[in-house]
Amino acid sequence: MGRLAAYAGLFVCGAVVGVAGALVQGGFFPAGLLLALVGAAGVFYGGARAVGTKAGAVAPAAGWLVAVMLLTATRPEGDFLFGADLGSYGFLLGGMAVAVMCATLGQRPQPGAPAARLGK
């Protein structure tokens, strides 16, 4: 039950980072794009480390993807959040690439017993 709640919380964190990144990358183009991607990488990698599984990176990545895909849709009034420019495409593709990298990173080896020599 606790792990499921952690995944749900990570999903919401990913969605919040997706919305915030969508706003920041368009407002401050070069630095905002970098900040948005670093923030996404932080929540993806942090989720994997906090939970200890690769699903910990997938949960916020799924929330990020859902939020960003909902923001790419145009409204009937013609309003949209993402323009057809380099920053928007960099955020969309870069965020997906960062999510895949964080989800496929190898886990740290578990600490084992101290090395012992035979015959001691």
Side-chain angles (χ1 to χ4, degrees):
M1 186 67 171
R3 189 171 291 233
L4 191 59
Y7 291 143
L10 288 171
F11 183 88
V12 171
C13 284
V16 169
V17 168
V19 171
L23 296 173
V24 168
Q25 65 85 23
F28 311 104
F29 169 60
L33 176 61
L34 183 63
L35 180 66
L37 291 177
V38 167
V43 76
F44 300 156
Y45 187 71
R49 300 314 264 168
V51 178
T53 63
K54 292 181 182 183
V58 174
W64 181 89
L65 186 64
V66 166
V68 169
M69 288 298 124
L70 288 175
L71 292 174
T72 58
T74 58
R75 295 180 33 187
E77 297 87 16
D79 299 336
F80 58 90
L81 190 60
F82 289 104
D85 60 347
L86 183 64
S88 295
Y89 289 123
F91 179 65
L92 294 172
L93 297 176
M96 287 187 248
V98 166
V100 168
M101 284 188 281
C102 290
T104 58
L105 280 175
Q107 297 294 323
R108 286 191 304 192
Q110 295 294 325
R117 295 192 314 172
L118 293 175
K120 253 194 157 182

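None of these values were measured; they are calculated from a predicted model. Just the heavy atoms: all of them, side chains too, but no hydrogens, waters or symmetry mates, feed the values below.
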I'd like to know if V100 and L93 are part of one continuous hydrophobic network [Ile/Leu/Val/Met/Phe/Trp/Tyr, side-chain heavy atoms within less than 4.5 Å]. no
Verify same cluster id: L65, L71 (apolar side-chain graph, 4.5 Å): yes
For residues K54 and T104, report the shortest heavy-atom separation together with the two atoms involved. NZ-O, 4.3 Å
Nearest non-hydrogen partners of A57 and C102, listed with the distance: CB-O, 3.8 Å
Could you pull out the closest heavy-atom pair between V98 and A40, with the gap in Å? CG1-C, 4.5 Å
Is there a path from F91 to M101 through hydrophobic residues (I, L, V, M, F, W, Y) whose side chains come within less than 4.5 Å of each other? yes
Heavy-atom check, side chain of F44 versus side chain of L105, under 4.5 Å: no
Can I get a per-line list of side-chain donor-acceptor pairs under 3.5 Å for residues 12-34, giving both atom names and the distance, sequence neighbours left out?
{"unit_1": "Q25", "atom_1": "NE2", "unit_2": "A22", "atom_2": "O", "d": "3.4"}

Could you see if L4 belongs to whatever hydrophobic cluster contains V51? Use Ile, Leu, Val, Met, Phe, Trp, Tyr and a side-chain cutoff under 4.5 Å. no
Do V43 and W64 have side-chain heavy atoms sitting under 4.5 Å apart? no
Minimum heavy-atom separation for L37 and G95, please, with both atom names. CD2-N, 3.4 Å
